[in-house]
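Have a look at the structure below before the remarks.
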There are 2 protein chains.
Amino acid sequence: MEYPSASMTQSEENYLKGIYHLSHAGRASVSTNAIAAHMETKPSSVTDMLKRLSDKDLVDYQPYKGVTLTSGGTAQALRVIRKHRLWEVFLVEKLDFSWDEVHEVAEQLEHIASEKLIDRLDALLDYPDFDPHGDPIPDKEGHFKTREKRLLSTLQPGEKGVCIGVKDSSSPFLRFLDKNGIALGTRIAVLEKEEFDDSMAIQMGEQQLQISHQIATNLYIKPIT
Amino acid sequence: MEYPSASMTQSEENYLKGIYHLSHAGRASVSTNAIAAHMETKPSSVTDMLKRLSDKDLVDYQPYKGVTLTSGGTAQALRVIRKHRLWEVFLVEKLDFSWDEVHEVAEQLEHIASEKLIDRLDALLDYPDFDPHGDPIPDKEGHFKTREKRLLSTLQPGEKGVCIGVKDSSSPFLRFLDKNGIALGTRIAVLEKEEFDDSMAIQMGEQQLQISHQIATNLYIKPIT
DNA sequence: ACATATTTTTAGATTTGTCTAAATTTATTT
DNA sequence: AAATAAATTTAGACAAATCTAAAAATATGT
């Protein structure tokens, strides 16, 4: 049984979210330094926070051994991630933000505390399963849809698929995609693969494009047969 | 010329907003105790904050003499108020919140810092001039529309008008109005005034209602002839 | 396995925002 | 105008969140 979410500070929420992302699914133990790097803060600050989170039973923390999220901590992290991603959908769908602009604002909006607000937002957006970068949106219970996804770089010439997400969601990368007409839902067919530098020629609609390996390893594709 | 808004903490924003409301239009000087009462905090905390705001040139503060907002402080307060009221409209219009539920959430949303977000929200809502309680929404330059407004209690039998706002916006009062079918835009005609307790009989559509003086002194009406 | 390097924690300081209790200033009363 | 009351400020403390510098624990290399 889940406890009603105790009040948390924004900083605590950010740490839980960070730890969640680093441990990928709440499994593996995460190191102090890894957290510090990810949060752009100092290891000593991380240690302080880990103690606080441990006192609140949100993480299992053993000095020098790293941390894992408790079930309560995981639930909280997923709540924040849910809010973040729903707000991103809102910003893109309702306020015409581009997908490279949403993150910073969503970082703030994700801390707004109102269950009703999020439920209603979810409804307004018609219960989306994925955010504008293709990442899954957890439901109220923390469950989310998965779908077959492969990096574009793993497709062979002749295979095709539809773009469903990005691995790198930095602004330069997203702006590059925009500029070249690649968005979520874009259908891509692989024409050729260059052995020399692993770049590939792809077809999108009637447009053809040569993309580097760097690009191809950061685009998620759902294969279609 | 206006400076680009320096970064402010939520607490600073709340104080500026509080001082603005207490000084009604940025004119009169406001006392430490009045601020403490309004913000539900202690006078000593207020003194601390006033010094900080004074250092940032957001208020004119003279010990023992009270404060007034500087032009910069007024501009900041109006920016926060603009955001608060736009979010209230959003919550009511797009997420079906009732007018007694919006305040608490808007108190949080008003601190989200993104000019683009607010501009786009304004557009999504079709540039509203008034919030769900009838209060005017400042534009980007801090200007807002005014309109003739009188307390219902000042109307004489035979006069009529349309409800355009509330003075008290506490939940119990707003829920009372909801329950009795009084909303913004409701047309009200005064039938009779009871000398004894200043209660009045009013007509709304085909419905008749007896309301206390207490109610009548908290409802703003735009008279119609 | 021992020395060195890396990681992590502790100790102590800082900032923001708050508080209580005491001191000070201003206002009121007789 | 002196005494009392009220309002305001100061002084000192505390919690959250961060930092730097130093100490302690763990890991690595030969």
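Every chain is numbered from 1, with letters handed out A, B, ... down the list of sequences. Hydrogens, waters and symmetry mates play no part in the numbers below; they use all other heavy atoms, side chains included. These numbers were taken from a predicted model, which means no experiment stands behind them.
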Does C/dT7 have its OP1 or OP2 closer than 4.0 Å to a side-chain nitrogen or oxygen of A/Ser31? no
ring-ring contact (aromatic ring centres under 6.0 Å, His included) partners of B/His111, counting only residues at least two apart: none
Starting at atom CG of A/Asn33, determine the distance to atom C1' of D/dA27, rounded to an integer number of angstrom. 13 Å
When you check the phosphate oxygens OP1 and OP2 of D/dT9, does a side-chain N or O of B/Thr32 lie under 4.0 Å from one of them? yes
Return yes if the base of D/dT20 and the side-chain atoms of A/Ser44 contain a donor-acceptor N/O pair under 3.5 Å, otherwise no. yes
Spacing between B/Leu53 atom CG and C/dT18 atom P, to the nearest angstrom: 11 Å
When the aromatic ring centroids of B/His84 and B/His103 are compared, is their separation below 6.0 Å? yes
B/Glu88 versus B/His133, side-chain donor and acceptor atoms under 3.5 Å: yes
From CA spacing to verdict: ring-ring contact (aromatic ring centres under 6.0 Å, His included), A/Tyr20, A/Tyr15: CA-CA 8 Å; A/Tyr20 181 90; A/Tyr15 272 93; over 10 Å; no
Are any of A/Ser45's side-chain N or O atoms less than 4.0 Å away from OP1 or OP2 of D/dA17? no
What does B/Ser11 touch in the nucleic acid at a heavy-atom separation under 4.0 angstrom: a base, only the sugar-phosphate, or nothing? sugar-phosphate
Nearest-Å distance, CD (A/Glu40) to P (D/dA17)? 18 Å
Whole angstrom value for the distance that separates C1' of D/dT18 from CD1 of A/Ile35: 16 Å
Taking only side-chain nitrogens and oxygens of A/Tyr61, does any of them come within less than 4.0 Å of OP1 or OP2 of C/dT9? yes
Sequence neighbours left out, cut at 3.5 Å: what donor-acceptor pairs do the side chains of residues 38-62 of chain A make with other protein atoms?
unit_1, atom_1, unit_2, atom_2, d
A/Thr47, OG1, A/Pro43, O, 3.2
A/Lys56, NZ, A/Glu12, OE1, 3.1
A/Lys56, NZ, A/Glu12, OE2, 3.1

Side-chain N,O (A/Tyr15) to OP1/OP2 (D/dT18) below 4.0 Å: yes
Distance check needed: C/dC19 C1' versus B/Asp48 CG, whole Å only. 10 Å
Does A/Gln10 or A/Lys42 map to a spot on DNA chain D nearer the 5' end, using the closest nucleotide for each? A/Gln10
Please work out if B/Pro43 contacts a base, only the sugar-phosphate, or nothing of the nucleic acid, heavy-atom cut-off 4.0 Å. base
Within less than 4.0 Å of OP1 or OP2 of D/dA16, is there a side-chain N or O belonging to A/Arg52? no
For B/Lys65 and C/dT24, give me the distance from atom NZ to atom P, rounded to whole Å. 18 Å
Is any side-chain nitrogen or oxygen of B/Tyr64 closer than 4.0 Å to OP1 or OP2 of C/dA23? no
A/Thr47 side-chain proximity, nearest of C/dT18, C/dT8, C/dT26: C/dT8
Nearest to the side chain of B/Glu12 - D/dA17, D/dT18, C/dG17? C/dG17
Going by atom types alone, do B/Ser31 and B/Asn33 pair a side-chain donor with an acceptor below 3.5 Å? no
Separation of C/dT18 P from B/Leu50 CG (nearest whole Å): 12 Å
Using a cut-off of less than 4.0 Å, is there contact between a side-chain N or O of A/Lys51 and OP1 or OP2 of C/dT10? yes
Rounded to whole angstroms, how far apart are CE on B/Met49 and P on D/dT10? 16 Å
